Amino acid sequence: MINQLFLQQKKMPIILAIESSCDETSAAVLSDNKVLSNVISTQEIHSEYGGVVPELASREHQKNIVPVVDKAIKDAGINREDIDAVAFTRGPGLMGALLVGVSFSKSFAQALNIPLIEVNHMEAHILAHFIKKDENQKTPFFPFLCLTVSGGHTQIVRVDSHLKMEVLGKTLDDAAGEAFDKTGLMLGLPYPAGPKMDSTANSGDETKFEFPIPKVKGLDFSFSGFKTAVLYFLQKEVKANPKFIEQNLNDLCASIQFSIVRILLGKLKRAVRETKINTIAIAGGVSANSELRKQLNLLGIKNRLEVFIPEREYTTDNAAMIGIVGYFKYLNNDFCEINIKADPKMRI
Ligand code: KG4
Ligand code: ZN
């Protein structure tokens, strides 16, 4: 089937992309490397549990997937028959959540007799840099180093081409997003705490409280000791003054955020030194963080590095980033078979 499809392949494909790895149900339509629509339905239900509940996530995806895809097609101003391929998140992510997107994509592709493209969610975060917004847009040049920071992953990736990447370092325990979300929860912020910590930190003093920077070998990260240090510190202070958190919320947010950013950029600096690659980028949900964006720019100026920061709308989970990987794979004839399975532990 696939060989025949190669013959029909178009130069400027229209790709439908589906993302369902965690708590966002998203569908996008891309024409070439340009986004025609990008619909994201965020599952609010998890906030009352302080984290994503996998079973609830898959049920929400089941409810949302058809209306989200319908809206993406409508917003793009196309017909189903115009779609040339379906790109979907195969992994990593929650099994039950992935299954919804994978099964939907398979049925959709089969019904229209068009090819399927499997996408690694972490590669997609990185390639979001290549979504075309305007003619003068500068995109990262190869090779570059990408600090990929999300709710489930923290990695330093060497990117040699659109489809060739290697993980140089990763977290040994919690991800940077989890560090934000879990310490935020200790401060009483609702899940996901990252964005709220960011805005609250705005009016805080980042030098007010100091937290330890973990010593981890090479380019790997660790956040669990940091998280425990924050917990013990808060327990001690609240014991002495029950209103401690309330009275110091802005400074606590600023100080915690500052430490997380220091941990992340310390390793990125080391990666630049070791690889001698001087083009750096950030990607993933945490790359929306204003302190990280600010400090990365400063790092670039100080060390004469080319810095690439993604558009905020493509930092947290969205299907447009799945579509851009779909686009590069389409041009490469990189399709998958209909019996493909979700892969919750998929690696770069
Ligand atoms: O990439 P993403 O949307 O989902 C995963 O693939 O995990 O990342 C979600 C993570 C959450 O932990 C959220 O708190 C964090 O990104 N996040 C932020 C900000 N916006 C989202 N963390 C810090 N500052 C932000 N502005
Ligand atoms: Zn993500």
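Each ligand, and each atom within it, is numbered from 1 in the order the structure gives. Counting begins at 1 with the first residue of the sequence. These numbers come from a predicted model, not from an experiment.
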Does the salt bridge (Lys or Arg N to Asp or Glu O under 4.0 Å) test come out yes or no for D32 and K132, once each step is laid out? CA-CA 9 Å; D32 255 357; K132 189 147 187 173; over 6 Å; no
Starting from the C-alpha separation in whole Å, work towards a yes-or-no answer on ring-ring contact (aromatic ring centres under 6.0 Å, His included) for F180 and F223. CA-CA 10 Å; F180 273 107; F223 286 99; 8.7 Å; no
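Aromatic ring centres of F308 and F141 lie closer together than 6.0 Å. Aromatic ring centroids of F211 and F233 lie under 6.0 Å apart. Between Y314 and H129, the gap from one ring centroid to the other reaches at least 6.0 Å.
Residue contacts with ligand 1: G284 is placed with no nitrogen or oxygen under 3.5 Å of a nitrogen or oxygen of the ligand (distance criterion only). Between G151 and ligand 1, a contact under 3.5 Å exists for at least one N or O pair. For ligand 1, the polar-atom distance check finds an N/O of G194 within less than 3.5 Å of one of the ligand's N/O atoms. Not a single N or O atom of T316, backbone or side chain, sits closer than 3.5 Å to an N or O atom of ligand 1.
Looking only at protein heavy atoms, the nearest one to atom 20 (N) of ligand 1 is G285 O, 3.5 Å. Summary of contacts: the protein heavy atom closest to atom 24 (N) of ligand 1 is N289 ND2, 3.0 Å.
When D317, I40, I260 are checked for heavy-atom proximity to atom 3 (O) of ligand 1, D317 turns out nearest. Taking each of T148, V286, N318 in turn, the one with a heavy atom nearest to atom 15 (C) of ligand 1 proves to be V286. Between atom 12 (O) of ligand 1 and the options T315, D181, L189, the minimum heavy-atom separation is to D181.
With a 4.0 Å heavy-atom cut-off, ligand 1 is reached by no atom of M197. Only the side chain of D198 comes within 4.0 Å of ligand 1, counting heavy atoms alone; its backbone N, CA, C and O stay farther away. Under 4.0 Å from ligand 1, the heavy atoms of H121 that appear belong solely to its side chain.
Remark: E206 does not engage R262 in a salt bridge, criterion side-chain N to carboxylate O under 4.0 Å. With salt bridges taken as basic N to acidic carboxylate O contacts below 4.0 Å, one links R80 and D70. A salt bridge is defined here as a Lys NZ or Arg NE, NH1 or NH2 lying under 4.0 Å from an Asp or Glu carboxylate O, and D160 with R158 meets this definition.
Tested against E118, the residues I340, V102, D343 include a single side chain to side chain contact (heavy atoms under 4.5 Å, CB included) partner, I340.
The distance from the Zn ion (ligand 2) to the nearest N/O/S atom of H121 is under 2.8 Å. In summary, C22 places no N/O/S atom under 2.8 Å from the Zn ion (ligand 2), failing the contact criterion.
Y191 places a side-chain heavy atom less than 4.5 Å from the side chain of D23. Residues F244 and L234 form a side-chain contact, since some pair of their non-hydrogen atoms from C-beta on lies under 4.5 Å apart.
The Zn ion (ligand 2) lies closest to atom OD1 when only the N/O/S atoms of D317 are considered.
Distances below 4.0 Å separate heavy atoms of G177 from the following atoms of ligand 1: 12 (O). Near H125, the atoms of ligand 1 lying under 4.0 angstrom from a non-hydrogen atom of the residue are 1 (O), 6 (O).
A heavy-atom separation below 4.0 Å is found between G152 and ligand 1.
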